[in-house]
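Heads up: the structure comes next, in structure tokens.
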Amino acid sequence: MIRAIVTDIEGTTSDIRFVHNVLFPYARERLAGFVNAQQYQEPVSTILNNLRDEVGQPNANTAELIDILFAFMDEDRKSTALKALQGIIWRDGYVNGDFTGHLYPDVLPALENWKAQGLDLYVYSSGSVAAQKLLFGYSDEGDITHLFSGYFDTLVGAKREVQSYRNIATQLGLPPSSILFLSDIHQELDAAEEAGFRTTQLIRGDDDAASHHHQVNSFSTIKPEQIPS
Ligand SMILES: CSCCC(=O)C(=O)COP(=O)(O)O
Ligand SMILES: [Mg+2]
């Protein structure tokens, strides 16, 4: 029996184009100015030190770190330091009303329905926990953060690594077989499945013929109560 659902964001609850065409450019345009202005203030100072550790360059100066961050953005590297900075920069955009967090229309009714059935709902994204709370706190449908019991980001591990899902199950105190993971990326679902999770793949755009996971194109067709353990 499914007791908890863990959902990805990009391509699952929310359009990948919102993340790549709205959020990422917003942070990119502001990143250098923000880092230069905040480099000696917390939390940016600690994040920059974490980036030095991440890239093994303990003596890198701020200009060198900014170059590294731009290279990471070019390759969509799921760097914990980059994701932390993006999350801080996005706050202004949400608070100022420059954008709201995209949600596919089928997402909120399904989350409310699952919550009413007694399922606990969690988020797992490469975006920082702060960024996740912003997206759902300033979503197209308003603040829906009350629906979630917790959030996981790359601090629990990378999304394509089996150990990350074992860590999540341990933190939830649930057997992996009682947790359903929703994602658009089959490599993430492969890792979750190897950890013992149940899986469902969201196909919001192109088919994924290389996937063996159960596929749906809307949250409305996911029936957790019908998934056998
Ligand atoms: C919290 S919304 C922004 C998500 C993000 O920054 C990102 O890189 C998405 O990565 P994912 O691994 O969740 O597809
Ligand atoms: Mg995704």
Side-chain angles (χ1 to χ4, degrees), residues 5-31 47 54 69-95 98-104 106-107 121-141 143-145 147-148 150-162 164-165 168 180-193 197 199-206 208 210-211 213 215-219 222:
I5 296 179
V6 178
T7 183
D8 167 54
I9 296 178
E10 178 188 299
T12 301
T13 61
S14 308
D15 196 325
I16 193 167
R17 289 169 295 191
F18 168 67
V19 177
H20 286 251
N21 300 346
V22 178
L23 289 182
F24 285 173
Y26 186 92
R28 189 182 186 91
E29 284 161 23
R30 290 160 179 78
L31 188 125
I47 294 169
E54 196 176 313
L69 289 164
F70 272 85
F72 281 2
M73 286 188 286
D74 289 342
E75 63 183 73
D76 194 16
R77 175 92 67 101
K78 306 303 185 185
S79 150
T80 302
L82 170 64
K83 294 291 146 191
L85 292 170
Q86 286 176 325
I88 298 169
I89 295 169
W90 289 331
R91 169 170 290 283
D92 279 349
Y94 285 110
V95 170
D98 294 336
F99 45 76
T100 52
H102 178 263
L103 286 184
Y104 286 109
D106 48 273
V107 169
L121 307 177
Y122 297 89
V123 182
Y124 180 29
S125 168
S126 305
S128 68
V129 165
Q132 298 171 26
K133 289 178 177 174
L134 284 168
L135 189 147
F136 292 116
Y138 294 86
S139 85
D140 294 346
E141 314 274 358
D143 182 356
I144 66 161
T145 53
L147 292 169
F148 296 108
Y151 303 81
F152 298 96
D153 61 18
T154 52
L155 291 175
V156 83
K159 292 177 75 187
R160 298 184 186 200
E161 288 177 8
V162 179
S164 307
Y165 299 88
I168 290 172
L180 174 64
F181 179 53
L182 309 177
S183 175
D184 58 322
I185 303 293
H186 75 250
Q187 291 91 340
E188 297 173 5
L189 296 163
D190 291 346
E193 184 180 61
F197 283 44
T199 58
T200 293
Q201 184 173 19
L202 274 296
I203 304 292
R204 298 293 194 176
D206 295 339
D208 182 359
S211 169
H213 297 276
Q215 296 180 332
V216 298
N217 57 20
S218 166
F219 272 34
I222 300 169

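Just so you know, ligand 1 is whichever comes first in the structure, and atom 1 is the first atom listed for that ligand.
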Side chains of Asp190 and His213, heavy atoms from C-beta outward: is any pair under 4.5 Å? yes
Any donor-acceptor N/O pair, Trp90 side chain to Ala131 backbone, under 3.5 Å: no
Heavy atoms only: which of Glu10, Gln86, Lys83, Arg77 lies closest to atom 8 (O) of ligand 1? Lys83
Is there a side-chain contact between Thr7 and Leu121 in this structure, where contact means two heavy atoms from C-beta onward sitting under 4.5 Å apart? no
Tell me, please, whether Tyr94 has Arg91 positioned over its six-membered ring: NZ or CZ under 6.0 Å from the ring centre and within 45 degrees of its axis? no
Which protein non-hydrogen atom lies closest to atom 2 (S) of ligand 1, naming both residue and atom, and how far is it? Leu135 CD1, 3.7 Å
Report, in ascending order of atom number, the atoms of ligand 1 lying under 4.0 Å from any heavy atom of Ser125. 4 (C), 13 (O)
Indicate yes or no: does Asp92 engage Arg30 in a salt bridge with an N to O separation below 4.0 Å. no
For Asp184, does its backbone N or O pair with a side-chain atom of Gln201 as donor and acceptor, under 3.5 Å? yes
Donor-acceptor pair, Gln86 side chain versus Phe24 backbone, under 3.5 Å? no
Proximity flag Phe24 to ligand 1, non-hydrogen atoms under 4.0 Å: yes
Any donor-acceptor pair under 3.5 Å linking the side-chain atoms of Asp15 with those of His102? no
Can you measure from OG (Ser128) to OH (Tyr151) and round to the nearest 0.5 angstrom? 12.0 Å
Using side-chain heavy atoms (C-beta onward) and a distance below 4.5 Å, is Asp76 in contact with His20? yes
Between Asp8 and ligand 1, which part of the residue brings a heavy atom under 4.0 Å of the ligand: side chain, backbone, both or neither? side chain
Residue part near ligand 1, for Tyr151, under 4.0 Å between non-hydrogen atoms: neither
May I ask you to list the atoms of ligand 1 that are less than 4.0 angstrom from any heavy atom of Lys159? 11 (P), 12 (O), 13 (O), 14 (O)
So, Arg28 and Asp74, do they make that salt bridge, N to O below 4.0 Å? yes
Looking at ligand 1, does any of its N/O atoms fall within less than 3.5 Å of an N/O of Lys78? yes
Heavy-atom contacts with Ile9 under 4.0 Å: which atoms of ligand 1 show up? List them by number with element. 1 (C)
What's the count of protein N, O or S atoms under 2.8 Å from the Mg ion (ligand 2)? 3
Hey, which atoms in ligand 1 end up nearer than 4.0 Å to a heavy atom of Ser126? 10 (O), 11 (P), 12 (O), 13 (O)
Which of the atoms of ligand 1 are close to Trp90, meaning less than 4.0 Å from one of its heavy atoms? 3 (C), 6 (O)
Are any of the N/O atoms in Tyr124 less than 3.5 Å from those in ligand 1? no
When every non-hydrogen atom of Ser164 is compared with those of Ala158, the smallest separation belongs to OG-O, 2.6 Å
